[in-house]
Colleague: 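Sharing a structure below in structure tokens format, with a few things to ask.
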Amino acid sequence: MRTVVFGAVFLILCGAPGVESADLFVCDCGAGADGACVPGNDGGVGTMGDPWQSYEAARSAFGSLAAGEAIRFCRGGAWTIAAGTRWVNSNCDAAQPCVVGDYTPPWASGDEGRPVLTRTDGSHGFALEDGGTAEHEEGYRFENLDLRSTTGTGNGFFLYNDVDDVEIVNVVVDGFAIGVHLASSNPCSADPECDGRNDRLTIRGATITNNTSQGFLGGSDGTRILDSVFESNGSTAVFDHNIYISGAAGHETDGIVVRGNRLYRSTPDDAGSCSAVSLVVHGDHRNLLIEGNEVLEDVGLAEGGCWGIAVDPGYSEPEGFVNVTIRGNRVSNTGN
């Protein structure tokens, strides 16, 4: 069955840039969809010409992809989601990541926006978390999506249980509790590749806004947060932040980079005043680089503790920062 489907996709898509022969396609036309949107059908074969319709059909198929294959949601489409959350695939590879992204459908005129995926049940958007003891997985790429929550709860992206080499590129994450949560891990299974950490996450060109707790939370070896926008994340003074680089369960991280981002309106209170550090680092970190970021608040709207960048201890356990470089950042209208 898969051989027939893949062959059909190849006939339709041969030569189309950015789309591989084995990609699977999904299109729905919920609230906010383009006026010309044509929905798919879960009884279809998942080709561009005969796409599936539901988020759940896409999620269920993701676990069977081979390395380098993709699930693609139609540009101009929209989904209201109250279904499963886990996106897990042990076939994916750092050198050939499995992709969840967009495509331009045949009915499009060229002005369609990113696929809009709206969570209404308070759950995570994409949970990269296998259950039980940790087993090593790697090689996921999420690109060109608009991910929203109506409840202010859950995580837009949740990484847990030894998931390495994940890219989140040109994605909007709005209205969750935490936009991107790089979490910890259960103890490892017998998998010899498992080390119980979630290393080498890259966020690039993202827009992470209006999340009620943190825009980004976590820390691991090789975490990179690049060229992204963080705005109006957090609601609890002092404790919430646009970006919170935290400790990694007793592990000293190595090589975190935060570069080229714009951070604005950190933890705004009811009057719109900043009430917490916009970019904070706690824990145990080595070779940390914070470079070329713009951190700003509006004039006169910095409350006590509204620092722009803080690298300092905040826990009741030992913390340390070795070989930290903070350079070329522009910090405006923050302070105490």
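None of these values were measured; they are calculated from a predicted model.
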Colleague: Show me the pairs that pass disulfide bond (SG atoms under 2.5 Å apart) and involve residues 302-336, at least two apart or across chains.
Modeller: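 Listed by first then second residue: C274-C306.
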Colleague: Who are the side chain to side chain contact (heavy atoms under 4.5 Å, CB included) partners of S60, not counting sequence neighbours?
Modeller: E56
Colleague: Within the distance-only criterion (no hydrogens, no angle test), does the side chain of E69 pair as donor or acceptor with the backbone N or O of A66 below 3.5 angstrom?
Modeller: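 Yes; at least one donor-acceptor contact below 3.5 Å.
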Colleague: For the side chain of T267 and the backbone of S275, is there at least one donor-acceptor N/O pair under 3.5 Å apart?
Modeller: no
Colleague: Test N233 against every option in N242, D240, T212 by the side chain to side chain donor-acceptor pair (under 3.5 Å) rule and name the one that passes.
Modeller: N242
Colleague: Is a side-chain donor or acceptor of N161 paired with a backbone partner of D130 at a separation under 3.5 angstrom?
Modeller: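 At least one qualifying donor-acceptor pair exists.
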Colleague: Name every donor-acceptor pair, under 3.5 Å, that has one atom in a side chain of residues 168-177 and the other anywhere in the protein, sequence neighbours excluded.
Modeller:
unit_1 : atom_1 : unit_2 : atom_2 : d
N170   : OD1    : R114   : NH1    : 3.0
N170   : ND2    : N144   : OD1    : 2.7
D174   : OD1    : T209   : OG1    : 2.6
D174   : OD1    : N210   : ND2    : 2.7

Colleague: Between D199 (side chain) and S220 (backbone), is there a donor-acceptor pair under 3.5 Å?
Modeller: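 No, the answer is negative, given that no donor and acceptor are paired below the 3.5 Å cut-off.
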Colleague: So which heavy atom on H241 is nearest to which on S266, and how close?
Modeller: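 Closest heavy-atom pair between H241 and S266: CA-OG, 4.1 Å.
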Colleague: Who clusters with Y315? Use side-chain heavy atoms, under 4.5 angstrom, across I, L, V, M, F, W and Y, and order the result by chain and number.
Modeller: I178, L217, Y244, V277, V280, W307
Colleague: E112: which residues meet the side chain to side chain contact (heavy atoms under 4.5 Å, CB included) condition with it, sequence neighbours left out?
Modeller: D34, R75, W107, A108, S109
Colleague: Under the ring-ring contact (aromatic ring centres under 6.0 Å, His included) rule, what pairs show up with a residue in residues 69-93, not counting sequence neighbours?
Modeller: Y55-W87, F62-W87, F73-W79, W87-F126
